[in-house]
2 protein chains.
Amino acid sequence: MSFGALLQNVSKHIELTAIEQELFTTFLTEKKLEKGAIVLEQGGICNAIHFVNEGILRAYFLSEEGKETTVMFAISDWWITDMHAFTTHKKSLLTIQALEKSSILSLSKANFDKLLIEIPKLERFFRILMQNAYIREQLRGLDNLSLPAKQKYAIFMEKYPSIAKLLTQKQIASYLGITPEFLSIIRADS
Amino acid sequence: MSFGALLQNVSKHIELTAIEQELFTTFLTEKKLEKGAIVLEQGGICNAIHFVNEGILRAYFLSEEGKETTVMFAISDWWITDMHAFTTHKKSLLTIQALEKSSILSLSKANFDKLLIEIPKLERFFRILMQNAYIREQLRGLDNLSLPAKQKYAIFMEKYPSIAKLLTQKQIASYLGITPEFLSIIRADS
DNA sequence: TAACACAAATAATGTAGTTTAAGAAATTCA
DNA sequence: TGAATTTCTTAAACTACATTATTTGTGTTA
């Protein structure tokens, strides 16, 4: 079990004692994922939030018409879940899948709630995490509404080069909200 | 000074003692806003987060080409700020303006930081606030990428009827990321 | 080595949404 | 109140992007 990356992730924002660190790790479950493995299925129950130790995951929504929209990617040191389903216990809107062989640490909803009671300091940690996630989504939403596809593509490539190089163009297109064909055109004439 | 609505807003998620409530309110500044008043100017410094007691505010981005994109509206019982600028101290991307005569309680960044140290319980409150904001933005972003304008309009009207009835169609269009002309067409044929 | 599945490029055609412009209706304000 | 300003509607021309189809490339498995 490798909790080093997670503990370092936490220590960016708060300080835990050795005992608290130990306690935190007992709440986690390590999972090894093969390429293509499904972590959460759309329509299912989302009962955990995941920290990525290694590899890359994608969270996407599949519409009734069969169109995929990528909500987020997560690589090492990122947290990922369907936060709406995790919080409300409603059916998940998103599927979360490993794009490559990956390793994650899962924190169940029950353990998440317990953990915050046992180590109240972690409220601060997750407050900062949620605040940063909110900021990211707000800025992305603004870009999506105010910019043409070409600029959205340029911004994505500049902001997340390490993620982009692991992705197919089809996956990038589904994150930008355009078709792979149109992304191909954008790339050709730039 | 009317802090009732704010204290009730806080008590939805955590319990404060009378002393803590008192302390909280001393950190706040009440502001009365006339219709059209600017609370934060794009390019300026965002040094507060605001709780809306009464009225309605709008946060929007103005592009170099002169196109306005509304990032959020806030009515009574909502919190509003440019969270990115508030957190990073960078220049604000957004302008926040009162659409009607309004009353807000402002919590400065310095007081926000102090408050979280003096009443650590509030970390939980703001964690929940940020988490809900994150969820809202993620769902809105998904709608924006996966749905045509007509459905986005229908969803907005259904989700926020009390806000919608206070807005002009131009303001609604700028929230949906479409032109007022096209919104007019959508409304005509539905 | 072929056969397969999938990723990417290209091109023709179709459509959702924009732009521009003009007139009518509603609000603002002196 | 009346004039000025802004909002809303309608319509024609235009553009960004989608759809459909075909082709080429590429790594995988038989």
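On a predicted model such as this, the values are computed, not experimentally measured, just so you know. Any value given below was found using the heavy atoms of this structure, including those in side chains, with hydrogens, waters and symmetry copies removed.
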Donor-acceptor pairs under 3.5 Å, side chain of residues 143-151 of chain A to any protein atom, not counting sequence neighbours: which ones?
from, atom 1, to, atom 2, distance (Å)
A:Asn144, OD1, A:Lys152, NZ, 3.4
A:Ser146, OG, A:Leu142, O, 2.8
A:Lys150, NZ, A:Asp189, O, 3.4
A:Lys150, NZ, A:Asp189, OD1, 3.2

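A side-chain donor from one of A:Tyr153 and A:Arg187 sits under 3.5 Å from a side-chain acceptor of the other.
With sequence neighbours excluded, the residues satisfying salt bridge (charged side-chain N to carboxylate O under 4.0 Å, His left out) with B:Lys32 are B:Glu30.
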A correct 5'-to-3' footprint of nucleotides 6-23 of chain D, with B, S and - meaning base, sugar-phosphate only and no protein heavy atom under 4.0 Å, is -SSBB------BSBB---
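Summarising the local packing, CD of B:Glu118 is surrounded by more than 12 heavy atoms from other residues, nucleotides or ligands at distances under 6.0 Å.
Rounded to an integer number of Å, the gap from CG of B:Asp189 to P of C:dG17 is 11 Å. C:dA16 atom P lies 19 Å from atom OH of B:Tyr153, rounded to whole Å. Rounded to whole Å, atom C1' of C:dC6 lies 14 Å from atom CD of A:Glu68.
A cation-pi geometry, defined here as NZ or CZ lying under 6.0 Å from the six-membered ring centre and within 45° of its normal, holds between B:Arg140 and B:Tyr175.
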